Participant: 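The structure follows.
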Amino acid sequence: MPATATPAERVELKSGPPPAAPAGSGGRNWSTRRIERTIKYESDRNVGFGRDVMRVPGCEQLENCIQCGTCSGVCPLSIYMDHSPRQVMALTRADFRDEVLRSHTIWLCASCYACTVECPQQIRITDIMYELKQRAIDAGIYPRRFPIPVLAHEFTHMVRKHGRITELVLVIRLFLKTDWFAALGNWRLGLDLTRTGRFSLLTERIRRHGDIARMLDAVDQPKHPSP
Amino acid sequence: MVSLKPEIRIGFYVCHCGHNIASMVDCADVAAYVGQLPGVVLARDYKYMCSDPGQELIQKDIAEFGLNRVVVASCSPLLHEHTFRAAVAAGGLNPFLFHMVNIREHASWVHTDRAAATAKAKVLARAAIRRAALARELPQRQIPINPGVLVVGGGIAGIHAALTLAEAGKHVWLIEREASIGGHMAKFDKTFPTLDCAACILTPKMSAVGAHPNITLWSHSDVVQVDGYVGNYTVKVRRRPRYVNEELCTGCQECIGNCIYKEPKFPDEFNEGLGKRKPIHIPFPQATPQVVLIDPQVCLNFKRGVLTDRCKKTCVEACGDRKAIDFTQKEETKEIQVGAIIVATGFKPFDVRRVPQYGYGTYPNVYTALEVERLVNASGPTAGEIVLRDGRRPSAIAIIHCVGSRDKKTNRWCSRVCCMYSMKLAHLLKEHSGAELYNFYIDIRAPGKGYEEFYDKLNEEGVHFIRGRVGEVTDWAMIPEEEGKLVIRVEDTLAGVVRRIPVDMVVLATGLEPHADAQAVRRLFNMSCGTEGFFLERHPKLAPVSTFTDGVYIAGCCQGPRDIPDTVAQAGAAAAEALALIDRGHILQEPNTAHVLADCSGCKSCLPLCPYTAIGFDEATHQAVINEALCKGCGTCVAACPSGSIGQHLFEDDEVFSEIEGLLTADPEPTPALAATP
Amino acid sequence: MKFAYFPGCSLKGLGRAYEESLLPVMRHLGLELEELDDWNCCGATAYMAVDEAKACVLAARNLALAERSGRDQLLAPCAACYLVLNKTKHYFHDYPAMKATIDRALAAVDLAYAGDTAVRHPLDVLVNDVGLDAIRQKVVRPLRGLKVATYYGCQLVRPYATFDDPYNPVTMDRLVEALGATVVRYPLKTKCCGGSLTGTVPEAGIRMVYILLNEARKRGADCLATVCPLCQFNLDAYHAQVRSEYGDVIVPTVYFTQLMGLAFGLPEKQLGLHRAAVPLRWRPPVPEVAHA
């Protein structure tokens, strides 16, 4: 995106320092002469990581990536990413597991599937992003107060307990766990919701809510329980 | 099982084919096994049977061991049956006492278990031995070849092939679907990388075709039926009416000037619809033949193609005494006899509407590459000025590579020419308009003489190369500079950033694909198509212009995308292959013809079944009679005869049944493969 | 026509105006919707990120309930639910391991899924089953003069483009035109609304909302029409943030079912138009025959 638009474009994600300086960002700190080494050694690779991802249903086509950049070209969020979707594909295939799982990119994916329908190699990039998010959660490597994984966690927790989502309760819990100020900043939104009869904290739940936990536990049975 | 006559002396050879066979089949073991089978005098394994020493080995053994049958277990008969038949003949045996068994494609290449593959090779070899024991000596018939050649398609490939053959003194029928020959090349402005004018190098060859005494040029015509076989094809050609007598038209074009339509009104096909033409027109100034034609869909003297005679016919007046215009002209079907056929039907540009995200048809200033060829051409609709559909002149132009290429949703292959023609168009557009040029590419493919140097030259000219496949072309603006422009959104993969680039004009580098009717053409000439729909060559390396039908050759983009130099080279090769065939004067017929046995009851059920009308009926003997010159050995009558009274040379019942017995007989040596397949 | 109906959490919460307008419109056209008994969260986007298998199991419970209800078609108005339910069905058929997981989890709660239920979106049913002619016949107050930007968002047409083109969907365009309104050319019709990023990374999410609203405004649209509760919420609820950062680019956003209700002359209170933070003030002109 051209830098001439609005200040919102130059924003950095609030929580968690970037794991490694992405190429091209070093110039910003030139006054302090901070430079970073970006070389990758073979020992940085988690050999087999890429193959492992490609074995997951929906992720098989990654082996055909030709690095054309269509995914990044159509992605509405690529302009905020530390690694473009194309780079995430390349890093995954090259087994740089930690670099991939620490990337903000996988959390910024809004699952709009634009990349998936446009990819000339029919790689289901959105599904690969889902898989990488799951692996980051399993490995516990994501920025602590970064709201997206927190939302995912709160979401699953609520579904397990009640079987349904009560959106407002979910949103409030999210703000409590990430950013109090953001909650306060949204006072206008709360006001609107009250005015339009949509502000309700009454929890939605299904009758047989025990069913959900039983089903989810049955999924885990043959595997080790997820963290 | 048929008992073996004592005089049968079979020599058996297993070929290693380097590692191709030997890595998966234990060749020595196969030889040892076959060596103890009845009738086998000697069994050897050897590294390359097709090599000269391999062939000499067979000849030596025939003399030394008195062999009277030879079986080679190696690759496909398609590749080397003729090699070994020749070797056996050189050793003094009738070549049809040789039998070949394929243990490469049928055993080693398709298996991963060495023991099982070896066992299968043994079974295949055993079956071949049993069949070979019953092989008969057969004579080979010579059939004369018709020296004429049919060339289908009048693009640069067809033109070059036709001229080559005509120069060698052969008569050529050149059939072209459009009204003029020239094909796509006639529409190009310049050619890469030398930038010589396409028309300047093509039109002399077109005129040569038009004037050559050995070439019969039929444009506006289609091949509708092909019968016969190598050396003797009968071809039916439909000549569509152009409502102008080709013999009488002098190409003066006074009729066009005097057409009742004062101004050209209808989309001009040659200029990709960017220009206009009249109902009576000539495709382009250098068209060959120089004969006008009338489009009955729009001519006032017709209504929806049907003659009404309601126009004042000012064209007829203008033609005057030449009397070339003939509104009553009808479609004609002509029949010709040829010995060989060259198919050079070319390609179809990819339909860019299949990639809607690039905005063709939505945004007027999005063009196809072929449209731009006309736009930059001095004789094009704008006389070479770069004026856009909305009347503006561009100051920034984007060329998007790989539209309909390298894309599994449309065509997955690389179209091979787009990188180079995109660079050529970038150069020409910059030269003609002074605009900023942006090339968006996935990879630059410039493998050719002077091609990489051309890429260098464009970099020096300041043409931008951005590595990234364009996400979309839109018209919504984020910043003031983008207002009223087409915006390209792309990841500049080398710089590692997503960019939005406003331009005035977008050129889509359309890929090449087979014609929509390629399957119908394939059936017409009994050819095969690859998965992508291009015509299939007999061998990708060693028989690149031959097809699986003898006497039918292919050249140019109908076989796959290629540039002009490669097309011309291939057309020359196809012409040479056709010459090699027809200059031999005759072909040796495979003696696999059917023959009627003495016990034919004369039921006549075979007569209507023969696709080659080779079966007659002798009223005197009340039996069917097969004309061996016409019989192609398809076996239909053999299978259909209710009393089993038709045999077929090379495929006699006892031979085939022995082979089957050889495959199915329980083996003295139990093998894993047989245990698995009862 | 009878359908099993899966409202999803949003239609009971922030997107309740969607359900409020959908039900009377469908009833008006003679379609019966039978809410799935004891349905649960579909397992949408946020859950997919945590555990794909579990997300599919959640969706599969709903599919199994639909099969048990005896209806062969399940109506899912929320685009996210529509996608997850469809995706689960695809995975169930394409990946034996996923099928085994789903079978095992459903067995734990005495349910089973055979894989037959068709998951449909109301837009698809209305245009392709009911038909535009039948809809036109019900129009008593044509939306003459209303300029609409049809906004499909992502998940209705991607990645499973079952009833429309993923690049240039037109189903809603034809429907809105049948109601008498004018469709403006809106090149962003399948762009992303930002999803949950409006809440989690507002710097990115709010800007995406701004781009969508601003372009609709520049194209002269009186409103955007959506098919998804999250799109509607994002385009509507964050008007204050958008205004403070980017100026006044606000255009009201309505559900396509609300437009249908207006054109059908249904009582406004049934259509939930008052639920929007930026409500559509425009009303179809009263037909002249009414005065005669």
Side-chain angles (χ1 to χ4, degrees), chain A residues 1-10 20-28 38 60-91 99 103 105 108 112-125, chain B residues 350 354-359 398 400-415 419 438-445 465-474 476-483 485 487-502 509 511:
Chain A
M1 282 309 215
T4 43
T6 63
E9 314 208 14
R10 284 192 288 275
S25 69
R28 219 173 275 161
T38 56
E60 305 91 339
Q61 303 299 325
L62 174 57
E63 53 200 16
N64 294 115
C65 179
I66 56 170
Q67 289 288 298
C68 67
T70 306
C71 43
S72 318
V74 296
C75 176
L77 277 316
S78 56
I79 56 175
Y80 300 102
M81 291 171 175
D82 48 358
H83 297 302
S84 72
R86 173 189 59 84
Q87 289 168 327
V88 169
M89 297 303 117
L91 288 167
E99 181 100 18
S103 167
T105 300
L108 280 166
C112 80
Y113 290 89
C115 49
T116 299
V117 299
E118 302 274 357
C119 175
Q121 293 290 74
Q122 298 182 322
I123 302 167
R124 303 182 61 87
I125 297 152
Chain B
F350 174 76
R354 288 170 64 196
V355 189
Q357 54 272 44
Y358 292 160
I400 302 179
H401 293 215
C402 298
V403 181
S405 302
R406 304 185 71 191
D407 178 356
K408 286 183 180 164
K409 291 182 289 102
T410 55
N411 295 330
R412 60 179 300 176
W413 57 88
C414 166
S415 292
C419 281
Y438 298 88
N439 273 271
F440 298 94
Y441 68 96
I442 305 176
D443 297 295
I444 290 290
R445 295 188 168 170
F465 286 91
I466 296 174
R467 188 192 177 280
R469 188 172 171 276
V470 169
E472 62 177 343
V473 176
T474 59
W476 54 277
M478 280 303 302
I479 55 170
E481 291 86 337
E482 294 175 357
E483 294 289 350
K485 301 263 188 178
V487 180
I488 305 282
R489 196 179 196 267
V490 67
E491 182 187 22
D492 184 333
T493 62
L494 299 181
V497 288
V498 174
R499 295 173 64 176
R500 282 174 66 98
I501 300 174

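Excluded from the calculations below are hydrogen atoms, water molecules and symmetry mates; all remaining heavy atoms, backbone and side chain alike, are included. Reminder, nothing fancy here: chain letters follow the sequence lines and each chain counts from 1. Being a predicted model, the structure only gives us computed values, none of them experimental.
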Participant: Look only at the side chain of B:D407 and the backbone of B:K409, and say whether a donor-acceptor pair between them is shorter than 3.5 Å.
Facilitator: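 Such a contact is found between B:D407 side chain and B:K409 backbone.
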Participant: Would a distance-only check, ignoring hydrogens and angles, find a side-chain to backbone donor-acceptor pair under 3.5 Å from A:R124 to A:E60?
Facilitator: no
Participant: Partners of A:C65 by side chain to side chain contact (heavy atoms under 4.5 Å, CB included), sequence neighbours excluded?
Facilitator: A:L62, A:Q67, A:M89, A:R93, A:I123
Participant: Taking A:C68, A:S78, A:G69 one by one, which has the highest count of heavy-atom pairs under 4.5 Å against chain B?
Facilitator: A:C68
Participant: What pairs with B:Y358 under side-chain hydrogen bond (donor to acceptor under 3.5 Å, both in side chains), at least two apart in sequence or on another chain?
Facilitator: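 Expected list: none.
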Participant: Between A:C115 and chain B, with a heavy-atom cut-off of 4.5 Å, which part of the residue counts as in contact: side chain, backbone, both or neither?
Facilitator: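 Interface part for A:C115: neither.
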Participant: Is chain B contacted by the side chain of A:C119, its backbone, both, or neither, given a heavy-atom distance below 4.5 Å?
Facilitator: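 Backbone of A:C119 only, per the 4.5 Å heavy-atom cut-off to chain B.
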